[in-house]
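Per chain, numbering begins at 1; letters A, B, ... match sequence-line order.
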Amino acid sequence: MSARVQSEPFDIGAELRGFGADAGAVVTFSGLVRSEDGRLTALEIEHYPGMTEKALTAFGAAAAQRFDLTDWRIVHRHGILSVGEPIMMVATAARHRKAAFDAAEYLMDWLKSRAPFWKREIGPDGPGEWVAARPDDEDALARW
Amino acid sequence: MAVEVLYFAWLRERIGVPRETVQTDAATVRDLIAQLAAMDEWHAAALSDLSAVRIAVDQELTDLDAPLGHAREVALFPPMTGG
């Protein structure tokens with residue numbers, strides 16, 4: 001049961017070694033930097049040190065309680081990340097599949113709209129626009 | 001009282017500093033933002049559309065009408081784009 005914010009890459013295989021060993025069901029999701037049809041070379045991710053760690057830990061604890069998780073892990077990167085690099089991952093462990101899937105979706109919906117991260121596009125000519133929040137991310141959160 | 005005000009993403013860029021210490025008697029976040037917006041044209045432009053501003057007081061998300069109380073740190077930023 002842990003949340004981490006880091007600039008370094010992470011290894012999903014290493015993160016999952018021993019994770020949820022007695023659970024029965026483990027779900028992982030990982031988000032990667034998209035090129036947006038070749039328009040981008042990287043994303044820059046800014047965050048709010050201190051608040052970010054507190055928020056991610058609170059989301060994990062809430063998910064654990066709601067979905068009766070036996071374990072959970074959130075890793076989210078910041079800094080400049082090239083196309084194809086992993087941005088973040090969530091892993092959830094529960095007795096049964098549905099709870100593990102639902103908890104992973106729940107964590108993703110909270111991460112998208114309530115964790116203090118901001119993405120900026122970087123293209124061949126350098127830094128571009130800040131990524132705008134999407135209304136459907138807010139809608140996704142409302143279902144919980 | 002003295003409050004540390006933090007800015008992130010395009011709010012930080014438009015205001016020109018990542019943080020500043022502000023002396024204020026503001027009762028609510030809304031009052032504090034009005035005070036900040038009156039400081040200069042950069043603050044005024046960045047804070048002109050409050051529908052685009054999200055707020056954390058002492059690292060907890062809150063809203064414009066939250067009382068400032070004994071807050072030490074107020075952060076203003078655009079809607080978050082994590083994940």
Side-chain angles (χ1 to χ4, degrees), chain A residues 3 5 29-34 43-60 74-78 81 86-90 104-121 127-141, chain B residues 1-22 28-30 32-33 36 42-83:
Chain A
V5 184
F29 173 85
S30 181
L32 313 179
V33 180
R34 271 192 305 265
L43 276 182
E44 181 177 358
I45 300 179
E46 180 171 330
H47 80 113
Y48 181 174
M51 179 174 166
T52 313
E53 293 82 352
K54 281 167 59 175
L56 300 188
T57 302
F59 301 160
I74 303 171
V75 183
H76 203 303
R77 295 176 66 196
H78 63 90
L81 311 185
I87 303 171
M88 52 71 60
M89 63 162 279
V90 300
E105 292 256 36
Y106 171 95
L107 286 176
M108 285 310 305
D109 288 342
W110 278 86
L111 275 170
K112 283 266 175 205
S113 307
R114 292 292 185 276
F117 291 99
W118 301 274
K119 295 191 182 104
R120 190 215 306 255
E121 299 182 339
E129 296 296 313
W130 290 94
V131 175
R134 296 153 51 101
D136 43 341
D137 286 340
E138 201 60 35
D139 295 344
L141 196 55
Chain B
M1 66 176 183
V3 176
E4 194 74 2
V5 183
L6 280 64
Y7 307 106
F8 291 96
W10 56 255
L11 268 158
R12 169 177 55 70
E13 292 184 324
R14 289 184 197 174
I15 286 172
V17 293
R19 58 165 65 213
E20 57 192 334
T21 306
V22 177
T28 64
V29 174
R30 192 186 295 275
L32 174 65
I33 290 177
L36 295 169
W42 310 109
H43 286 78
L47 299 167
S48 61
D49 177 10
L50 294 187
S51 72
V53 177
R54 299 291 178 272
I55 301 141
V57 171
D58 288 335
Q59 304 190 350
E60 296 279 348
L61 288 174
T62 187
D63 54 48
L64 280 169
D65 295 311
L68 219 45
H70 298 289
R72 284 167 300 176
E73 186 172 293
V74 175
L76 304 178
F77 42 80
M80 294 151 274
T81 52

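Ranked by heavy-atom pairs under 4.5 Å with chain B, the first of Gly31(A), Ala132(A), Pro116(A) is Pro116(A). Contact tally against chain B (heavy-atom pairs below 4.5 Å) for Arg134(A), Met88(A), Arg114(A): the top residue is Arg114(A). Comparing Lys54(A), Met108(A), Glu44(A), Glu129(A) by how many heavy-atom pairs each has under 4.5 Å with chain B, the most go to Lys54(A).
Met51(A) pairs with exactly one of Gln59(B), Glu60(B), Glu73(B) by the side chain to side chain contact (heavy atoms under 4.5 Å, CB included) rule, that one being Gln59(B).
Ala58(A) does not touch chain B: none of its heavy atoms, backbone or side chain, sits under 4.5 Å away. When heavy atoms are compared at a cutoff of 4.5 Å, Arg77(A) does not approach chain B at all. Residue Arg54(B): no heavy atom, backbone or side chain, is found under 4.5 Å from chain A. Ala9(B) touches chain A through backbone and side chain together, each having a heavy atom under 4.5 Å away. Residue contact with chain B, scored on non-hydrogen atoms closer than 4.5 Å, involves the backbone and the side chain of Lys112(A) alike.
Under the side chain to side chain donor-acceptor pair (under 3.5 Å) criterion, Arg34(A) pairs with Glu36(A), sequence neighbours left out. Looking at residues two or more places apart in sequence or on another chain, you find a side chain to side chain donor-acceptor pair (under 3.5 Å) between His43(B) and Glu20(B), Asp40(B).
Among residue pairs with one or both ends in residues 61-72 of chain B, those qualifying as side-chain hydrogen bond (donor to acceptor under 3.5 Å, both in side chains) are Arg30(B)-Asp65(B); sequence neighbours excluded.
A distance of 5.0 Å separates CZ of Phe8(B) from CH2 of Trp118(A), quoted to the nearest 0.5 Å. Taken to the nearest 0.5 Å, the CD atom of Glu13(B) stands 7.5 Å off from the CD atom of Glu46(A).
When the heavy atoms of residues 75-83 of chain B are compared with those of chain A, the residues falling under 4.5 Å are Ala75(B), Phe77(B), Pro78(B), Pro79(B), Met80(B), Thr81(B), Gly82(B), Gly83(B), listed by number.
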